[in-house]
A.B. asks: 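Let me give you the structure first, and then I'll get to my questions.
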Amino acid sequence: MNKPSIPQGTRDFNAATIYKRNYIFNTIRQAFQLYGFEPLETPAFENIDTLMGKYGEEGDKLIFKILNNGLDNPNKHLEVTAAFQKILEGKPNKTITERALRYDLTIPFARYVAMNHGQLTFPFKRYQMQPVWRADRPQKGRYREFYQCDADIVGSTTLMNEVELAHLYAHVFNMLNLPVTIKMNNRKILAALADICGGAEKLTAITVAIDKLDKVGIDKVKEELQQRLLTESQIETIADFLKIKGTNEEKLQALTQSIGNHSLGKEGIADLQFILHHQDPTNPLPLEIDVTLARGLNYYTGTIFEVKATDYNMGSIGGGGRYDNLTELFGVPNMPGVGISFGVDRIYDVMEGLDLFPKQLVKGTDVLFFNLGPEESNRAFSLLQNLRAQNISGELYHETAKLDKQFKYAEKKGIAVVVIIGSKELANNNCTVKHLATGQQNTIPQSELVNYLATFESGL
RNA sequence: GAGAGCGUAGCUCAGUUGGUUAGAGCGACAGUUUGUGGCACUGUAGGUCGUGGGUUCGAGACCCAUCGUUCUCCCCA
């Protein structure tokens, strides 16, 4: 028999990991609710049409497709064979696959809004915390199954939404004690730049190239732009644009000089300004204008966000932005929205790497009753049930065994208190309660155990 | 989609230019006179060296293939 294994890019989570993950989930969920978002859950898989074509060509390749059932039906043999031929040509079709695993939470949300816009109260603010799946090559900080936590606002164009989301980002990372930079840019600025440099159709080419600036340097970016058939003067304009540095205010000024005469550029700059000016100047958010920030998902139209941990080498741990026409893809126009996403798995990796998790997250069972014989354990069991009725968690050692063995079990499981009922205690109707961390122990009447532990527990 | 590294005990890893019966630490289990844990000591179990082929008198080591895994690029959270 083969050794058991799990699929590439997936993980099992043990108790200690889950406690820590839940710490992150709970922090994010509380913040979402604090800011007035309501929960939504959507299916793990969607109709393949819902997902395909929404994430660009690369994205389509990374969608996990689900094979249809019944392909082995002899009556459909010819049809299936022909359909499979199309798959080999790179064209998925419904004979072979008509469902696919969720790739992110934004598109399923847009699909939900399009289906239910008649019943929803706008602006609709929803949060969603569910796993997504990508057929990517796993590596550091990259998994094939991972959680996203999204908050989106649809049905409203006001920039106050962006302001709220920027504060929400800052709030969560502040609660997690995780230092971050929230990078911000605006697609209108990039669109204006593209327009000035040879036309809107060059937008994707330009954004892909300048997004690489901090990785490959200015010369390589120029090279790539040359290959993408931009003229010398256009490339120089872009190079000047990329030289924009300094504080956010300085960047805004430089941007105004560079593309401020262009109507779209002017709008983009004003948007950034609005967000930056709506914060407490005595306690500013870690916002940073980054003119090279582009983000791949092609449905963004306005503000774009990306969060990076400042003290740890990891890709972005959050991202988002404004999209004006997302539900139009599903036949419902005029539904502008803006949203952000938290990458829980990467946040976990960063916090683990920086040792930022609080120490007391792991809390095992409260009490272990020792098992020192049939009658003794019988008495212990009824006392245990009394404790459970008072919401004090406990267990009885599963069999009669030597004391040191039972002590070791309690220790390994992080149990704080053991209750010993042996022949002496049984005869005297009392019990010995020992606190493992301090080694202190008291012998008390069995009837007082619940109260004793209740006051003890509240002191923890 | 492109490239690189690594697969030896449950875990982390040694293993010399190819040379007898493949080792350590941790963990597990048992014991150190059966009512007090962590420490220490003693002992036990656990490996067809990822898999298949090849080179060789001889392969854990060298070669090829294959599977798994980690990392980088692409892209992304």
Side-chain angles (χ1 to χ4, degrees), chain A residues 2-11 14 24 28 55-63 90 102-106 129-150 169 180 204 207-209 211-212 215-216 220 224 293-298 305-309 313-320 339-350 368 370-373 376 397 400-427 431-441 443:
Chain A
N2 290 332
K3 282 185 182 173
S5 64
I6 56 174
Q8 192 179 32
T10 65
R11 296 146 301 155
N14 63 19
I24 300 173
I28 295 173
Y55 308 105
E57 233 175 277
E58 287 295 314
D60 280 356
K61 286 183 192 164
L62 299 180
I63 293 172
R102 178 169 62 215
Y103 178 89
D104 72 354
L105 302 179
T106 307
M129 306 171 59
Q130 290 189 277
V132 302
W133 294 269
R134 296 185 187 178
D136 218 337
R137 209 61 177 265
Q139 55 188 276
K140 188 183 175 193
R142 171 170 304 186
Y143 306 100
R144 292 185 136 185
E145 177 183 61
F146 61 96
Y147 266 79
Q148 291 195 331
C149 300
D150 280 26
Y169 256 148
V180 297
T204 311
T207 54
V208 168
D211 197 33
K212 294 176 186 165
K215 269 185 188 168
V216 300
K220 290 272 178 189
E224 180 158 348
L293 179 64
R295 295 193 56 73
L297 294 172
N298 45 20
F305 293 112
E306 193 163 289
V307 184
K308 293 207 74 172
N313 180 27
M314 175 67 76
S316 59
I317 57 178
I340 56 171
S341 181
F342 292 84
V344 169
D345 301 80
R346 284 187 177 175
I347 293 171
Y348 180 97
D349 289 346
V350 172
L368 175 72
F370 276 16
N371 184 331
L372 297 170
E376 291 89 338
Y397 194 76
T400 303
K402 294 215 265 183
L403 285 186
D404 70 326
K405 196 167 179 179
Q406 304 195 43
F407 267 118
K408 278 176 184 165
Y409 176 83
E411 222 185 316
K412 274 181 198 160
K413 289 198 65 174
I415 295 171
V417 174
V418 299
V419 177
I420 301 170
I421 298 176
S423 51
K424 280 185 255 166
E425 287 87 352
L426 191 65
C431 55
T432 300
V433 182
K434 180 162 184 172
H435 185 235
L436 260 71
T438 62
Q440 286 180 340
Q441 69 180 49
T443 300

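Here is the naming used below: chain letters follow the sequence lines, and residue numbers restart at 1 for every chain.
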A.B. asks: What are the two closest heavy atoms between L368(A) and Q406(A), and how far apart are they?
C.D. replies: CD2-O, 3.8 Å
A.B. asks: So E425(A), base contact, sugar-phosphate only, or nothing? Heavy-atom distance under 4.0 Å.
C.D. replies: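 It contacts base atoms.
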A.B. asks: Quick one: label Y143(A) by what it contacts on the DNA or RNA (base, sugar-phosphate, nothing), any heavy atom closer than 4.0 Å.
C.D. replies: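 If one applies the 4.0 Å heavy-atom cut-off, Y143(A) turns out to touch a base.
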A.B. asks: Name the nucleic acid region contacted by S423(A), choosing base, sugar-phosphate or nothing; use a 4.0 angstrom heavy-atom cut-off, strictly under.
C.D. replies: base
A.B. asks: Taking the side chain from R134(A) and the backbone from L62(A), do they hold a donor-acceptor pair closer than 3.5 Å?
C.D. replies: no
A.B. asks: Quote, to the nearest angstrom, the P distance that separates U17(B) from C75(B).
C.D. replies: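 To the nearest whole Å, 43 Å.
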A.B. asks: Within the structure shown, what part of the strands sits under 4.0 Å from K412(A) by heavy-atom distance: base, sugar-phosphate, or nothing?
C.D. replies: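 Result for K412(A) = sugar-phosphate.
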A.B. asks: Which part of the nucleic acid does I420(A) contact within heavy-atom distance under 4.0 Å: base, sugar-phosphate only, or nothing?
C.D. replies: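 It contacts base atoms.
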A.B. asks: For atom C1', what is the distance between G58(B) and C67(B), given to the nearest Å?
C.D. replies: 28 Å
A.B. asks: At under 4.0 Å, does any side-chain N or O of K405(A) touch on OP1 or OP2 of A28(B)?
C.D. replies: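 Looking at the OP1 and OP2 atoms of A28(B), neither is under 4.0 Å from any side-chain N or O of K405(A).
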A.B. asks: Rounded to whole Å, how long is the line connecting atom CD of E306(A) with atom C1' of A77(B)?
C.D. replies: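 It works out to 9 Å between those atoms.
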A.B. asks: Tell me whether the OP1 or OP2 atom of A77(B) has a side-chain N or O from R295(A) closer than 4.0 Å.
C.D. replies: yes
A.B. asks: Within less than 4.0 Å of OP1 or OP2 of U69(B), is there a side-chain N or O belonging to Q8(A)?
C.D. replies: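 Affirmative; the distance criterion is met.
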A.B. asks: Mind checking who A14(B) pairs with, Watson-Crick or G-U wobble, both distances under 3.5 Å?
C.D. replies: none
A.B. asks: Can you tell me the pairing partner of A45(B) across any strand shown, Watson-Crick or G-U wobble, with both distances under 3.5 angstrom?
C.D. replies: none
A.B. asks: For nucleotides C73(B) and A28(B), find the distance between their P atoms and express it as a whole number of Å.
C.D. replies: 40 Å
A.B. asks: In whole Å, what separates the C1' atom of C41(B) from that of C71(B)?
C.D. replies: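 Straight-line distance between the two C1' atoms is 44 Å.
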A.B. asks: Need the pair for A40(B). Rule: Watson-Crick or G-U wobble, both distances under 3.5 Å, any strand; none if unpaired.
C.D. replies: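 Pair assignment: A40(B) / U32(B).
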A.B. asks: Select one nucleotide: of G37(B), U36(B), U72(B), the one nearest the side-chain heavy atoms of Q139(A).
C.D. replies: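 So the nucleotide nearest the side chain must be U72(B).
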A.B. asks: Between U69(B) and U36(B), how far is it from one C1' atom to the other, in whole Å?
C.D. replies: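 Rounded to whole Å, the distance is 46 Å.
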A.B. asks: Going by 5.5 Å between centroids and 30° between planes, is there a stack of F146(A) over A77(B)?
C.D. replies: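 Yes, F146(A) stacks on the base of A77(B), since the ring centres sit under 5.5 Å apart and the planes are within 30°.
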A.B. asks: Quick one: E58(A) CD to A2(B) P, roughly how many Å, whole number?
C.D. replies: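 From E58(A) CD to A2(B) P: 13 Å.
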A.B. asks: Indicate, yes or no, whether a donor-acceptor pair under 3.5 Å links the base of C76(B) to the side chain of R346(A).
C.D. replies: yes
A.B. asks: Using atom C1' in both nucleotides, what's the gap between U66(B) and G46(B) to the nearest angstrom?
C.D. replies: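 These two C1' atoms come out 28 Å apart once rounded.
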A.B. asks: Please measure how far the C1' atom in A22(B) lies from the corresponding atom in A59(B), and state the result in whole Å.
C.D. replies: 13 Å
A.B. asks: Heavy atoms only, 4.0 Å cut-off, all strands: where does Q148(A) land among base, sugar-phosphate and nothing?
C.D. replies: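 The answer is sugar-phosphate, as Q148(A) gets under 4.0 Å only of primed atoms, P, OP1 or OP2.
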A.B. asks: With F305(A), which residues qualify under ring pair (Phe, Tyr, Trp, His ring centres under 6.0 Å), at least two apart?
C.D. replies: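 Ring pair (Phe, Tyr, Trp, His ring centres under 6.0 Å) list for F305(A), sorted by chain: empty.
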A.B. asks: Determine the Euclidean distance between corresponding C1' atoms of U8(B) and G68(B); express it in Å to zero decimal places.
C.D. replies: 15 Å
A.B. asks: Contact class for G318(A) (heavy atom, under 4.0 Å): base, sugar-phosphate, or nothing?
C.D. replies: sugar-phosphate
A.B. asks: Parallel, tilted or perpendicular: which fits the ring planes of Y103(A) and Y55(A), with parallel below 30° and perpendicular above 60°?
C.D. replies: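 The rings of Y103(A) and Y55(A) sit tilted, inter-plane angle from 30° to 60°.
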A.B. asks: Expressed as a whole number of angstroms, how long is the span from E57(A):CD to C75(B):C1'?
C.D. replies: 13 Å
A.B. asks: For the backbone of G318(A) and the side chain of R346(A), can you confirm whether one donor and one acceptor N or O come within less than 3.5 Å of each other?
C.D. replies: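 Checked: no pair found.
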A.B. asks: In whole angstrom, give the distance that lies between atom CG of N313(A) and atom P of U72(B).
C.D. replies: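 It is 8 Å, rounded to the nearest whole Å.
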A.B. asks: Let's see if you can work this out: which of G31(B), G3(B), G35(B) has an atom nearest to the side-chain heavy atoms of K402(A)?
C.D. replies: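 When the side chain of K402(A) is considered, G31(B) is the closest of G31(B), G3(B), G35(B).
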A.B. asks: Rounded to the nearest Å, what distance is computed from the CZ atom of residue R11(A) to the P atom of nucleotide U69(B)?
C.D. replies: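 Between P of U69(B) and CZ of R11(A): 14 Å.
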A.B. asks: In the structure shown, which nucleotide is the Watson-Crick or G-U wobble counterpart of U66(B), with both distances under 3.5 Å?
C.D. replies: G50(B)
A.B. asks: Tell me, do Y397(A) and K405(A) make a side-chain contact under 4.5 Å, heavy atoms counted?
C.D. replies: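 Heavy-atom side-chain distance check passes, below 4.5 Å.
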A.B. asks: Quick one: H435(A) NE2 to G38(B) P, roughly how many Å, whole number?
C.D. replies: 18 Å
A.B. asks: Return the pairing partner of C75(B) with a 3.5 Å limit on both distances, Watson-Crick or G-U wobble; otherwise return none.
C.D. replies: none
A.B. asks: Examine the side chains of E425(A) and T443(A) and answer whether a donor and an acceptor come within less than 3.5 Å of each other.
C.D. replies: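 Side-chain D/A pair, E425(A) to T443(A): absent.
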A.B. asks: Counting C-beta onward and ignoring hydrogens, is there a side-chain heavy-atom pair between F146(A) and V132(A) closer than 4.5 Å?
C.D. replies: yes
A.B. asks: At 4.0 Å (heavy atoms only), tell me whether L436(A) reaches a base, stays on the sugar-phosphate, or touches nothing.
C.D. replies: base
A.B. asks: Can you measure R134(A) atom CZ to C74(B) atom P for me and round it to whole angstrom units?
C.D. replies: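 Checked: the CZ to P distance equals 17 Å.
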A.B. asks: Considering heavy-atom distances to RNA chain B, does R142(A) or R137(A) have its closest nucleotide positioned more toward the 5' end?
C.D. replies: R137(A)
A.B. asks: What is the nucleic acid contact for Q441(A), judged by heavy atoms within less than 4.0 Å: base, sugar-phosphate only, or nothing?
C.D. replies: base
A.B. asks: Reckon G439(A) touches a base, only the sugar-phosphate, or nothing at all at heavy-atom distances under 4.0 Å?
C.D. replies: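 Base contact - G439(A) has a heavy atom under 4.0 Å of at least one base atom.
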A.B. asks: Nearest-Å distance, CG (L403(A)) to C1' (U34(B))?
C.D. replies: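 So the two atoms are 9 Å apart, to the nearest Å.
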A.B. asks: Within the structure shown, what part of the strands sits under 4.0 Å from D345(A) by heavy-atom distance: base, sugar-phosphate, or nothing?
C.D. replies: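 Contact class for D345(A): none.
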A.B. asks: Run the ring pair (Phe, Tyr, Trp, His ring centres under 6.0 Å) test on F342(A) and Y147(A) for me, step by step, so that the C-alpha distance in whole Å, both residues' side-chain angles and the decisive distance to 0.1 Å come before the verdict.
C.D. replies: CA-CA 8 Å; F342(A) 292 84; Y147(A) 266 79; over 10 Å; no
A.B. asks: Pick the nucleotide of RNA chain B nearest each of G141(A) and P7(A); which residue has the one closer to the 5' end?
C.D. replies: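 Closer to the 5' end of RNA chain B: P7(A).
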